[in-house]
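Below is one structure, written out as structure tokens, with a few remarks after it.
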Amino acid sequence: MRPLAPSAMLIPLALLVAACGGDHVASRSVATNTTAVDVAAASTGSIPGLSPARSEWALAPGARAKAVSNVGSATNVVGKEHTVTRVLVADAKNDATGQVRYVNGAWALPVPVPGGATEGLSWNGRVAVMQSTDAASRLIAFRLRGGRPQIVDLRREGTFGYDALSRNGTKLYLTQYRDASGAAVDRIRLYDLATRKLDPTPVVDKLEGDESMVGTPVARTWSADGGTVYTLYEGSAHPFVHMLQTAYAFTFCIDLPARGDPTTTGTWTLGLGAVGRKLTATSDRLAKSFLIDLHSVPPQVEGVTELSVGTPAP
């Protein structure tokens, strides 16, 4: 077997658009093409010359673990070369290798916010989801400690990319940015990994209904228990925070009282308070910091602070 390529060679399929709302589609379950793919367990000693990259780790805080993926090639018993992806799981604190697994084909742990953190591991460290590096709308999901994986192939349903994974790894959230006809859309969709079905109804804000709010993801943070993901989008009208409770497909959009900018996003940061009741969104473009009360219903901005140039983010 030839050495695997470093993780820096991977091509993450970062998403560029998303929405809080979206049009409803016909109320029917969508069964998708799911195919088992061989996964083999291995030890690092069986990978000659491997020096795992440490720059693109995905974290599983609930398991105190992390993982990195690499695409390379292997030779089978009849001498035929084929592409494989290696997933290395390690202890998040001391880097001790927990396990190494191979999946046939070229896949990558996703980066849902361009330039942000690598994701794709469930909070409890039991499930991994990767995206195809060859084609949009194809993903693979598997348990890290055994079991046969499934390919999620949604190319007939439109164009999709990874958005988030529930803390127990049973619910996969996807951004859909084209429908089956090729028309542009902006929706968050739920794919149930247990039933292998795409929910026909897009995930929408429970108060705003079908209102679509398009933007570019620029920052993200998770609740300490891994149950809620907060993604900040720069929209042409105004920036907003998309709050998604992954166990229930429950979501809110929190509009920020500021102008949008279709040409630049600047640098944004998101920070949760110690008890998870407050969320702070800070923009260098706007030189403002927005304090959001997460326990009000719906969540709302309760204060805006003007920042001087050079003021560090809270």
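Bear in mind that the values here come from a model prediction, so they are computed numbers and not experimental data. Reckoned from all heavy atoms, side chains included, excluding hydrogens, waters and symmetry mates. Residue numbers count from 1 along this sequence.
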Return yes if some donor-acceptor pair links the side-chain N/O of Q176 with the main-chain N/O of E157 below 3.5 Å, else return no. yes
Could you tell me whether the side chain of T159 and the main chain of R178 form a donor-acceptor pair under 3.5 Å? no
With a 4.5 Å cut-off on side-chain heavy atoms, are L198 and V152 touching? no
Partner set under side chain to side chain donor-acceptor pair (under 3.5 Å) for T170, not counting sequence neighbours: N168
Spacing of L291 atom CG and E302 atom CD [to the nearest 0.5 Å]: 4.5 Å
Give the cluster check for V304 versus V218: same hydrophobic cluster or not, with ILVMFWY residues linked at side-chain heavy-atom distances below 4.5 Å. yes
Without swapping roles, check the side chain of Q131 against the backbone of Y162 for a donor-acceptor pair under 3.5 Å. yes
Closest approach of F142 to P149 (non-hydrogen atoms, all atoms of both residues): CB-CB, 3.1 Å
Are V203 and V229 linked, directly or through intermediate hydrophobic residues, by side-chain heavy-atom contacts shorter than 4.5 Å (ILVMFWY only)? yes
So do R155 and S137 actually touch side chain to side chain, heavy atoms under 4.5 Å? yes
Check the hydrophobic clustering (I, L, V, M, F, W, Y; side-chain heavy atoms under 4.5 Å; chains of links allowed) and say if W123 and L270 are grouped together. no
Could you state whether V113 and L59 fall into the same hydrophobic cluster, counting links through intermediate Ile, Leu, Val, Met, Phe, Trp or Tyr residues with side-chain heavy atoms under 4.5 angstrom apart? no
Before you tell me yes or no, could you show the steps for L165 and E119 under side chain to side chain contact (heavy atoms under 4.5 Å, CB included), namely the whole-Å CA-CA distance, both residues' side-chain angles and the distance that decides it to 0.1 Å? CA-CA 9 Å; L165 189 60; E119 296 186 22; over 6 Å; no
Would you call L121 and V89 a side-chain contact if the rule is heavy atoms closer than 4.5 Å? no
Scanning both residues in full, the closest heavy-atom pair of P112 with P217 reads O-CG, 3.8 Å
Backbone of V241 reached by a side-chain donor or acceptor of Y230 within 3.5 Å: no
Minimum-distance pair of heavy atoms, taken over all atoms of T85 and W107: OG1-N, 2.9 Å
Please state whether the rings of W268 and F290 are parallel, tilted or perpendicular, taking 30° and 60° as the class boundaries. parallel
When rounded to the nearest 0.5 angstrom, what distance separates CZ in R145 from CD in Q99? 5.0 Å
side-chain contact (heavy atoms from CB on, under 4.5 Å) partner of L174, chosen from V129, D163, L139: L139
Can you tell me how far CD of E234 sits from CZ of F240, rounded to the nearest 0.5 angstrom? 10.0 Å
Surrounding CZ of R220 (heavy atoms of other residues, nucleotides or ligands, distance under 6.0 Å), is the total greater than 12? yes
Quick check against the 3.5 Å criterion: does D284 have a side-chain atom that pairs as donor or acceptor with the backbone of A287? no
For L144, is there any backbone N or O sitting under 3.5 Å from a side-chain donor or acceptor partner on R101? yes
Look only at the side chain of Q150 and the backbone of L193, and say whether a donor-acceptor pair between them is shorter than 3.5 Å. yes
Scanning both residues in full, the closest heavy-atom pair of L109 with A58 reads CD1-CB, 4.1 Å
Check whether any side-chain heavy atom of I292 sits under 4.5 Å from a side-chain heavy atom of L256, and report yes or no. yes
Note, L244 side chain near T231 side chain (heavy atom, < 4.5 Å): no
Shortest non-hydrogen contact between A136 and Y177, atoms and distance: CB-OH, 4.3 Å
Gap separating the CD1 atom of I188 from the OG1 atom of T251, nearest 0.5 angstrom: 8.0 Å
Determine, step by step, whether K278 and D293 satisfy the side chain to side chain contact (heavy atoms under 4.5 Å, CB included) criterion, reporting the C-alpha distance in whole Å, the side-chain angles of both residues, the deciding distance to 0.1 Å, and the verdict. CA-CA 5 Å; K278 307 289 183 180; D293 181 4; 3.7 Å; yes
Roughly how far, to the nearest 0.5 Å, is the CG atom of L172 from the CZ atom of R189? 12.0 Å
Residues in side chain to side chain donor-acceptor pair (under 3.5 Å) contact with R277, at least two apart in sequence or another chain: H295
For a side chain to side chain contact (heavy atoms under 4.5 Å, CB included) check, start with the C-alpha distance between D255 and H238, then their side-chain angles and the critical distance, and finish with the verdict. CA-CA 7 Å; D255 297 340; H238 53 74; 3.3 Å; yes
Please step through side chain to side chain contact (heavy atoms under 4.5 Å, CB included) for the pair L294 and L272, ending with a clear verdict. CA-CA 10 Å; L294 297 175; L272 271 176; 3.5 Å; yes
For the backbone of S223 and the side chain of T228, can you confirm whether one donor and one acceptor N or O come within less than 3.5 Å of each other? no
Atom CE in M243, atom CG in L279: separation rounded to 0.5 Å? 9.5 Å
Just so I know, are the side chains of D192 and D199 near enough to count as touching, which here means a heavy-atom distance under 4.5 Å? no
For residues R259 and R285, report the shortest heavy-atom separation together with the two atoms involved. O-NH2, 3.1 Å
